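First comes the structure, then the notes that go with it.
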Amino acid sequence: MNFAARITGTGSAFPKNRVTNDDIVQKLAGLGVTTSDQWIRERTGICERRISDNGNPSEYNSSLGLSAAQNALEMAGKTADEINQIIYATCSPDTPLPSSACWLQHKINADNAWGMDINAACSGFIYGLSTAEKFIRTGQVKTALVVGAEVLNPIIDWEDRNSCILFGDGAGAVVVERVHSSSSHRIIDSRLRSDGHLWELLHIPAGGSNMELTPERYARKLNKIKMKGKEIFKIAVKTLCDFAQNLLRKNQLTPEDLDWFVPHQANRRIIEAVANRLQLPMEKVLVNVDRYGNTSSATIPTVLDEAIRDGRIKSGQTILLDAFGAGLTYGAMLIRW
Ligand code: ACO
């Protein structure tokens, strides 16, 4: 078995509704909570984000995933019936059952595929891509579709100014195809890890099988994200650096060998701190957190898609993806484009 996996198409999709920091300032003022455009920009680098219209089927999680997947298939020159596997990374699925992968399969008519979801929060896309790559390398899958999509707004507590300013909705997707292992254009290596002891730093208490959602729990917002932002910030900077350095070292590379660094888009200050520690100039770092906020599993495929479509990423370049998320989960991946 001499196979490797190569990304041959990328796509993204966002809801129409553009919500600026000033819109959030007004929304929170109505709830008696104070924030400002200046605070949000300075502490996070976020200027605006997209928020889904939750009653609108065209902006369901799986519908954003569908548009992103269609764009990726078009770039790859593939049709839906050529997909053998759908891996859908999300922590905000349309429904607990069936999986988002099955919703997408139904909508896109990928009748020759099997699919499953991965919930690794913001690391989900790298977990998904790494999983697809393993199936492709063993020869079991020829063409995979990996999606990272979120509609986070229903699980955000709009009275918690620490967290509600950060998140946005959106979807990214990639088509991954089997190539010969001698191909220089391929996924080179990846590294995944999780630390469940840190579950409390970002979690949703109710709505699962251990705490059914009742009117009383709903009123206490136990179905919304609880986040310890400061603690996450420190761990994120350290772990993103460790992961990047370890993966580079293992592959006899240094940060200087990278053409592009693609970090999870949680906060511009986290991104800058990591780039600084890796001694990477910001010109080599892809950023879209300013326009979309933290879209969790969608940040990496959407920022990647943007840079491919506008020509910044070129054939033969070396790219490092690097993410952390609730769990806590961590993942990094090296790609030769
Ligand atoms: N507007 C105005 N003031 C605010 C706001 C706001 N929106 N939010 C917090 N503040 C205040 C705080 O109350 C605090 O005031 P105090 O000093 O009077 O107590 C002050 O600003 C400073 O608060 P800090 O928590 O120290 O602010 P910090 O600079 O750490 O920024 C933030 C907070 C943005 C949450 C940051 O810590 C962060 O981005 N952390 C990472 C979070 C993250 O990445 N989460 C996603 C994880 S990935 C996933 O799986 C989804």
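Atoms considered below: every heavy atom in the structure, side chains included; atoms not considered: hydrogens, waters and symmetry mates. Small disclaimer: the values here were computed from a predicted structure and weren't measured. When a ligand or atom number is given, it counts from 1 through the structure's own listing order.
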Distance filter under 4.0 Å to Arg269 heavy atoms, resulting ligand 1 atoms: 28 (P), 29 (O), 31 (O)
May I ask whether Ile40 has any heavy atom positioned less than 4.0 angstrom from an atom of ligand 1? no
Atom 1 (N) of ligand 1 [closest protein heavy-atom partner, distance rounded to 0.1 Å]: Thr35 OG1, 2.7 Å
With a heavy-atom distance limit of 4.0 Å, tell me whether Asn267 approaches ligand 1 through its side chain, its backbone, both, or neither. side chain
Which ligand 1 atoms, with their elements, are less than 4.0 angstrom from a heavy-atom of Ala266? 44 (O)
Distance to the ring centre below 6.0 angstrom and angle to the axis at most 45 degrees; does that hold for Arg191 and Phe243? yes
Can you sort out which atoms of ligand 1 are near Met227, meaning under 4.0 Å from one of its heavy atoms? 35 (C), 42 (C), 45 (N)
Identify which of Arg161, Glu42, His264 has a heavy atom lying nearest to atom 15 (O) of ligand 1. Arg161
among protein heavy atoms, the one nearest atom 47 (C) of ligand 1 is Leu202 CD1, 3.4 Å
Do Arg49 and Asn21 come close enough that some side-chain heavy atom pair is under 4.5 Å? yes
So if I count the atoms of ligand 1 from 1 in the order they appear, which ones are less than 4.0 Å from some heavy atom of Phe167? 51 (C)
Classify the contact between Asn162 and ligand 1 as side chain, backbone, both or neither, using a heavy-atom distance cut-off of under 4.0 Å. both
Atoms of ligand 1 under 4.0 Å from any heavy atom of Ala121, numbered from 1 in the order shown, are 50 (O)
Report, in ascending order of atom number, the atoms of ligand 1 lying under 4.0 Å from any heavy atom of Ala326. 49 (C), 50 (O)
